[in-house]
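Every chain is numbered from 1 and lettered A, B, ... according to where its sequence line falls, protein lines coming before strand lines.
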Protein chains: 2
Amino acid sequence: MRLSTTSYLVLGMVALRGPSTPYDLKRATSRSVGYFWNFPHTQLYSEPERLAASGLLAVDLEDSGRRRKTYSLTPEGRAALQEWLAAPTAEHFEMRDVAELKLFFNEAGSPDDDVPKLAQEQIRQHEERIAVYEDMVSRHGDEDWARPRMITLELGLEMEHAALRFWTALAAGTIEDLRRERDERDIR
Amino acid sequence: MRLSTTSYLVLGMVALRGPSTPYDLKRATSRSVGYFWNFPHTQLYSEPERLAASGLLAVDLEDSGRRRKTYSLTPEGRAALQEWLAAPTAEHFEMRDVAELKLFFNEAGSPDDDVPKLAQEQIRQHEERIAVYEDMVSRHGDEDWARPRMITLELGLEMEHAALRFWTALAAGTIEDLRRERDERDIR
DNA sequence: AAGCGCACCGTACGTTCCGTATGGTGTGAA
DNA sequence: TTCACACCATACGGAACGTACGGTGCGCTT
């Protein structure tokens, strides 16, 4: 049985939160891990079902009211999660940036130059996202962002700032400075 | 008719390269745009077919030897590409980083601490990728990386360096310094 | 306390994506 | 010449995705 990364995400969330319904997971992921691992919420209904079929989650059906399933971790599920956490990580991080694609193809298709507008949009978007991350940092008390997990926010922030630097330099026409600054930094 | 981002990627590549077979596109993308927009090569056989059905690409079948289809841009295809390039970009960039997920869930599942090993792996991987990018920069003569498109490499490099800084700091236990350095940088 | 409106919750469904696996095609070496 | 291997193309099944819709119950109004 082959588990996808999303499977482990579900296992991990259940491990963090304890017994959860898909909707619980939906709410919890949308304001935490969902920021760096996006997926449709329907996965949170189908995926636990599959995991339950493999014995990695246990299901508890609520008999009254809204049909609703509560999933909890089995010993096998916890073992699978731990094994995954301890295993080497072959996959390099992936990104999909539509703006970067447009920049790449820009010269190909457009008679007038769309780059400045694109850069401005991106600057605004990354600034917005940085604000979101900072907000998450500030309310580090809640369950989704207890202390140990706050570290990942720093990675998100580093990435956002990197992108922001790039688009800002592009808008200002000072791309060459980026490389120089990186070199300086490496020397230190 | 709704086009996916991958559709535009195909249109863009054909626009850059001129008439191309799926395999041409496969080779060209694997060492350029594939680095920041990953997808299976089978898409490069199915996607052009769909685009041809919509009239955005024209097909030319080779009659002899290997069955092989050459796709070229139609005026409608070029128009669609230009429209996309000029349109606002709503999507924020997405990333999927398995290592980040593991870091997030680490506390949840593992009795012993897997983080140092994880960090070391990531440092190595990002350094490798940086070398690849630098190599691409150095051979900026070839068709896939003609001058205008080299700019996107700088974005890739900024992101890789950001990630590398993070994992290095994590391994060294100096995460707090990252934030301080960012603040200093913002002030300048 | 009955009715109503709306936010909440779950799932169905059609499409696209994805990975794997396989088979055909040409070319260079022995 | 033939054999091996890299090159090229596609089939196929399952997972992911987005959208859209239908059910459910809570709170508000009167």
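For the pair B:R68 CZ and C:dG23 P, the computed distance is 21 Å after rounding to whole Å. Regarding B:K69, its NZ atom lies at a distance of 9 Å from the C1' atom of D:dA9, rounded to whole Å. With rounding to whole Å, A:K26 atom NZ is found 12 Å from C:dT11 atom P. Atom P of nucleotide D:dT10 and atom CD of B:E49 are separated by 7 Å, given to the nearest angstrom. Across the protein-nucleic acid pair, B:R27 atom CZ and D:dC7 atom C1' stand 10 Å apart, rounded to whole Å. As rounded to whole Å, 13 Å separates atom C1' of C:dC8 from atom CG of A:D24. In this structure, B:L3 atom CG and C:dT16 atom P are separated by 10 Å, rounded to whole Å.
Judged purely by distance below 3.5 Å, without hydrogens or angles, the side chains of B:T21 and B:K69 never pair a donor atom with an acceptor atom.
Note on B:R179 versus B:E184: no salt bridge recorded, every NZ/NE/NH1/NH2 to OD/OE distance being 4.0 Å or above. Salt bridge B:E47/B:R50: present, at least one basic N to carboxylate O contact under 4.0 Å. A salt bridge between A:R96 and B:E91 is absent, with no side-chain N of the basic residue lying under 4.0 Å from a carboxylate O of the acidic one.
Considering only residues two or more places apart in sequence or on other chains, B:E83 meets the side chain to side chain donor-acceptor pair (under 3.5 Å) condition with none of them.
Regarding contacts with the backbone of D:dA9, a side-chain N or O of B:Y45 is found under 4.0 angstrom from either OP1 or OP2.
Ring pair B:F36/A:F104 is perpendicular by interplanar angle, where above 60° counts as perpendicular and below 30° as parallel.
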Distances under 3.5 Å between protein N/O atoms and the N/O atoms of nucleotides 15-18 of chain D, please, pair by pair.
from: D:dA16; atom 1: OP1; to: A:S4; atom 2: OG; distance (Å): 3.3
from: D:dA16; atom 1: OP2; to: A:Q43; atom 2: NE2; distance (Å): 3.3
from: D:dA16; atom 1: OP2; to: A:E47; atom 2: OE1; distance (Å): 3.4
from: D:dA16; atom 1: OP2; to: A:R50; atom 2: NH1; distance (Å): 3.3
from: D:dA16; atom 1: OP2; to: A:R50; atom 2: NH2; distance (Å): 3.2
from: D:dC17; atom 1: OP1; to: B:R96; atom 2: NH2; distance (Å): 3.2

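Between the side chain of A:H41 and the base of D:dT19, no donor-acceptor pair under 3.5 Å is found.
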